[in-house]
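Hydrogens, waters and symmetry mates are skipped; everything else that's a heavy atom, side chains included, is used.
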Amino acid sequence: MDTKATLAALSALSQGSRLAIFRLLVQVGPAGLAASRIAEHLDVQPSALSFHLKELSHADLLSSRQDGRFVIYSANIATMNGLVGFLTENCCGGVPCDAAVANADACKAP
């Protein structure tokens with residue numbers, strides 16, 4: 001993931017309703033939810049929800065598919081993993097995080 005895409009994803013997630021939407025869709029997994037179900041779960045007005053879904057989609061954090069008359073939204077896990085990877089790329093002085101967990105001293109600030 002490059003810096004521009006990372007900034008877009010972080011910007012999209014920096015709003016409370018959008019973060020809640022994304023977390024909900026991560027929890028439900030690839031099956032996703034229709035916009036009406038997202039609105040019910042999070043008590044978000046449909047007009048506001050539409051705006052938030054658009055912002056998350058533009059940041060490539062959501063995927064959508066048509067299912068009959070419904071649009072089903074799901075979290076784009078590849079983008080999420082890319083964002084986490086970008087943020088942790090230089091973690092612990094270049095020591096892979098798994099090894100750093102085994103050696104907690106590797107991640108302590110000098």
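- Among residues two or more places apart in sequence or in another chain, the salt bridge (Lys or Arg N to Asp or Glu O under 4.0 Å) test is passed with R37 by E40.
- Not a single donor-acceptor pair under 3.5 Å links the side chain of S11 to the backbone N or O of A8.
- A distance of 14.0 Å separates CD1 in I38 from CG in D43, rounded to the nearest 0.5 Å.
- With rounding to the nearest 0.5 Å, the separation of CG in L61 from CG in L53 is 11.5 Å.
- Listed here is the closest heavy atom pair of G82 and M1: C-SD, 3.6 Å.
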Name every donor-acceptor pair, under 3.5 Å, that has one atom in a side chain of residues 16-30 and the other anywhere in the protein, sequence neighbours excluded.
{"from": "R18", "atom 1": "NE", "to": "A12", "atom 2": "O", "distance (Å)": "2.8"}
{"from": "R18", "atom 1": "NH1", "to": "H52", "atom 2": "ND1", "distance (Å)": "3.2"}

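- The two residues G32 and I72 come nearest to each other via the heavy atoms C-CG2, 3.8 Å.
- Side-chain atoms of R65 and V71, non-hydrogen and from C-beta on, never get closer than 4.5 Å to each other.
- For N76, the side chain to side chain contact (heavy atoms under 4.5 Å, CB included) partners two or more places apart in sequence, or in a different chain, are D60, S63, A78, T79.
- We find the CG-CD distance between L62 and E55 to be 11.0 Å, quoted to the nearest 0.5 Å.
- Around CD of Q45, the count of heavy atoms belonging to other residues, nucleotides or ligands within 6.0 Å does not exceed 12.
- Rounded to the nearest 0.5 Å, atoms CG (L7) and CG (D2) are 9.0 Å apart.
- Put simply, CG on L10 and CZ on F86 are 8.5 Å apart, with the number rounded to the nearest 0.5 Å.
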